[in-house]
Novice: 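Below you'll find the structure I mean.
Numbers here simply count residues along the sequence, with the first being 1. This one's a predicted model, so the numbers in the text were calculated from it and none came from an experiment.
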Amino acid sequence: HAELEHFVKASMGLKPMRADYDAKIQPFIKWADENVKKFIASEAHCFDEELWVGGIVDCVAELNDGKLAIIDFKSSKEAYPTQFLQCSGYAIQVEKNGLFSEDGEHSKKLEGKIEALIVVPFGAEVVEPSIRYDVESYKQGFRSAVVLYRLLGLEK
């Protein structure tokens with residue numbers, strides 16, 4: 001995960017680019033070179049008071065087609081539906097309140113909506129980003145999951 005964070009931050013000009021990134025992240029670097037116009041954020045904090053959730057987004061990017069994307073790096077062997085739900089939760093938070101630094105300083109507000117959710121499963125034999133474009137459905141799923149989680153917690 002640290003290698004990916006370094007690569008994204010280096011791509012944003014926040015760290016020096018290296019030539020010796022781990023072989024495991026090379027497929028992502030190649031994919032990013034071909035598909036990412038620019039990285040917007042790395043390890044950015046977000047929150048939503050209405051849902052009472054918060055998190056840390058691995059990466060926000062503008063893709064070559066102009067779509068804004070949440071990118072999440074996972075150690076799993078494949079991308080799972082729950083991982084896209086997590087990404088959609090970040091999308092809700094980021095669209096509503098923007099991105100924040102670790103110490104809570106507001107760093108930026110996005111110009112536009114998140115239109116892609118991308119999970120990169122680094123435990124896979126062939127690492128390939130998995131993309132979902134039905135962001136609104138996943139956001140509804142996230143909201144429903146939060147309500148269900150709280151409802152089930154009230155039963156204890």
Side-chain angles (χ1 to χ4, degrees), residues 1-48 51 53-139 141-142 145-146:
H1 204 271
E3 286 279 288
L4 293 161
E5 180 182 348
H6 189 282
F7 168 74
V8 171
K9 287 185 175 176
S11 298
M12 295 170 60
L14 301 175
K15 290 189 174 202
M17 189 62 75
R18 296 190 347 236
D20 65 340
Y21 288 106
D22 189 285
K24 191 74 175 165
I25 76 162
Q26 291 301 323
F28 177 75
I29 291 173
K30 181 179 185 304
W31 178 87
D33 286 344
E34 295 169 358
N35 294 280
V36 175
K37 181 176 181 180
K38 67 179 178 178
F39 289 105
I40 296 168
S42 173
E43 299 298 314
H45 294 244
C46 56
F47 74 97
D48 180 58
L51 292 172
V53 295
I56 302 172
V57 180
D58 286 344
C59 183
V60 179
E62 180 182 350
L63 304 178
N64 286 338
D65 62 7
K67 287 180 171 67
L68 293 176
I70 297 287
I71 302 175
D72 203 25
F73 306 124
K74 297 295 187 187
S75 60
S76 59
K77 293 183 179 186
E78 62 184 276
Y80 298 107
T82 53
Q83 295 167 335
F84 292 103
L85 286 172
Q86 178 185 4
C87 290
S88 69
Y90 294 146
I92 291 167
Q93 297 167 63
V94 168
E95 287 175 358
K96 191 180 245 184
N97 296 302
L99 301 163
F100 293 81
S101 66
E102 185 177 0
D103 60 3
E105 293 292 321
H106 191 262
S107 59
K108 63 181 70 167
K109 184 88 170 143
L110 293 183
E111 300 287 328
K113 294 180 74 71
I114 300 296
E115 296 181 274
L117 307 171
I118 303 173
V119 173
V120 185
F122 282 93
E125 282 190 36
V126 177
V127 175
E128 186 174 321
S130 185
I131 306 171
R132 300 292 182 274
Y133 295 104
D134 192 4
V135 177
E136 291 305 315
S137 292
Y138 276 96
K139 286 198 246 180
F142 180 83
V146 169

Novice: What is the distance from atom CZ of R132 to atom OG of S137, rounded to the nearest 0.5 Å?
Specialist: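 Nearest 0.5 Å value for the CZ-OG distance: 12.5 Å.
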Novice: Might you work through the side chain to side chain contact (heavy atoms under 4.5 Å, CB included) test for L63 and I118, ending with a clear yes or no?
Specialist: CA-CA 11 Å; L63 304 178; I118 303 173; 4.2 Å; yes
Novice: Is K139 close to F142 at the side-chain level, that is, under 4.5 Å between some pair of heavy atoms?
Specialist: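 F142 does not reach K139 side chain to side chain.
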Novice: What residues, two or more places apart in sequence or in another chain, satisfy side chain to side chain donor-acceptor pair (under 3.5 Å) together with N64?
Specialist: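 Partners of N64 by the side chain to side chain donor-acceptor pair (under 3.5 Å) criterion come out as none, since no residue qualifies.
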Novice: Scan residues 120-131 for pairs that pass salt bridge (charged side-chain N to carboxylate O under 4.0 Å, His left out), counting only residues two or more places apart or in two chains.
Specialist: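 Pairs touching residues 120-131 that pass the test: none.
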Novice: Any carboxylate oxygen within less than 4.0 angstrom of a Lys/Arg side-chain nitrogen, looking at D20 and R18?
Specialist: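 Answer for the salt bridge query: yes.
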Novice: Atom CZ of F7 and atom CD of Q26: how far apart are they, to the nearest 0.5 Å?
Specialist: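 CD of Q26 is found 8.5 Å from CZ of F7.
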Novice: Could you work out, with salt bridge (Lys or Arg N to Asp or Glu O under 4.0 Å) as the rule, every residue matching K113, not counting sequence neighbours?
Specialist: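 Expected list: E95, E136.
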Novice: Between V94 and C46, which heavy-atom pair has the shortest distance, and what is it?
Specialist: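 Closest approach of V94 to C46: CG2-CB, 3.9 Å.
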Novice: For residues 27-35, dump all side-chain donor-acceptor pairs below 3.5 Å to protein atoms at least two apart in sequence or in another chain.
Specialist:
unit_1, atom_1, unit_2, atom_2, d
K30, NZ, E34, OE2, 2.6
N35, ND2, W31, O, 2.9

Novice: What are the two closest non-hydrogen atoms of Y90 and G55, and how far apart are they?
Specialist: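 Closest pair (atom of Y90, atom of G55, distance): CE2-CA, 3.9 Å.
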Novice: Tell me whether K38 at atom NZ has more than 12 heavy atoms from other residues, nucleotides or ligands lying less than 6.0 Å away.
Specialist: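 No - once you tally the heavy atoms of other residues, nucleotides and ligands closer than 6.0 Å, there are 12 at most.
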Novice: About how many Å separate OG of S42 and CD1 of I40, when rounded to the nearest 0.5 Å?
Specialist: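 One gets 12.0 Å once the value is rounded to the nearest 0.5 Å.
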Novice: May I ask you to test the D58-E43 pair for a side-chain heavy-atom distance under 4.5 Å?
Specialist: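 Contact flag for D58/E43 side chains = yes.
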Novice: Determine yes or no for a side-chain-to-main-chain donor-acceptor pair under 3.5 angstrom, with K24 supplying the side chain and F122 the backbone.
Specialist: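 Looks like yes, one N/O pair under 3.5 Å.
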Novice: Do K77 and P121 come within less than 4.5 Å of each other through their side chains, counting heavy atoms only?
Specialist: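 Not touching, per the 4.5 Å side-chain cut-off.
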Novice: With sequence neighbours excluded, what pairs up with F100 under the ring pair (Phe, Tyr, Trp, His ring centres under 6.0 Å) test?
Specialist: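 Listed in chain order: F47, H106.
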Novice: Going by salt bridge (Lys or Arg N to Asp or Glu O under 4.0 Å), name the residues that satisfy it together with K96, two or more places apart in sequence or in a different chain.
Specialist: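 Residues passing salt bridge (Lys or Arg N to Asp or Glu O under 4.0 Å) with K96: D48, E50.
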Novice: Any heavy-atom pair between the side chains of E62 and F39 that's under 4.5 Å?
Specialist: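 No - every pair of side-chain heavy atoms lies 4.5 Å or more apart.
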Novice: So how far is it from D134 CG to L117 CG, rounded to the nearest 0.5 Å?
Specialist: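 CG of L117 is found 9.0 Å from CG of D134.
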Novice: To the nearest 0.5 Å, how far apart are OG in S88 and CD in Q83?
Specialist: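 With rounding to 0.5 Å, OG (S88) is 12.0 Å from CD (Q83).
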Novice: Got a sec, which residues hit ring pair (Phe, Tyr, Trp, His ring centres under 6.0 Å) with H45, two or more places apart in sequence or on another chain?
Specialist: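 With neighbours one apart ignored, the set is empty.
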Novice: Which residues pass the side chain to side chain donor-acceptor pair (under 3.5 Å) test with E5, sequence neighbours left out?
Specialist: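 With neighbours one apart ignored, the set is K9.
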Novice: Measure from the side-chain N and O atoms of K108 to the backbone N and O of A41, and report whether any donor-acceptor pair falls under 3.5 Å.
Specialist: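 Not at all, since once roles are kept as given, no pair shorter than 3.5 Å links the two residues.
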Novice: Return the minimal non-hydrogen interatomic distance between E3 and Y21, and the atom names on each side.
Specialist: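 Closest approach of E3 to Y21: OE1-CA, 3.4 Å.
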Novice: Taking only residues two or more places apart in sequence, or in another chain, which ones meet F84 in a ring pair (Phe, Tyr, Trp, His ring centres under 6.0 Å)?
Specialist: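 Only Y138 meet the ring pair (Phe, Tyr, Trp, His ring centres under 6.0 Å) criterion with F84.
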Novice: So, using salt bridge (Lys or Arg N to Asp or Glu O under 4.0 Å) as the criterion, who are the partners of D103 when residues are at least two apart?
Specialist: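 In terms of salt bridge (Lys or Arg N to Asp or Glu O under 4.0 Å), with neighbours along the sequence ignored, D103 is linked to no residue.
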Novice: Test of understanding: with side chain to side chain donor-acceptor pair (under 3.5 Å), list the residues that count as partners of T82, not counting sequence neighbours.
Specialist: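 Residues passing side chain to side chain donor-acceptor pair (under 3.5 Å) with T82: none at all.
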Novice: Cut-off 3.5 Å, no hydrogens considered: what does the side-chain donor-acceptor table look like for residues 65-72, sequence neighbours left out?
Specialist:
unit_1, atom_1, unit_2, atom_2, d
D65, OD1, K67, N, 3.0
D72, OD2, K74, NZ, 3.0

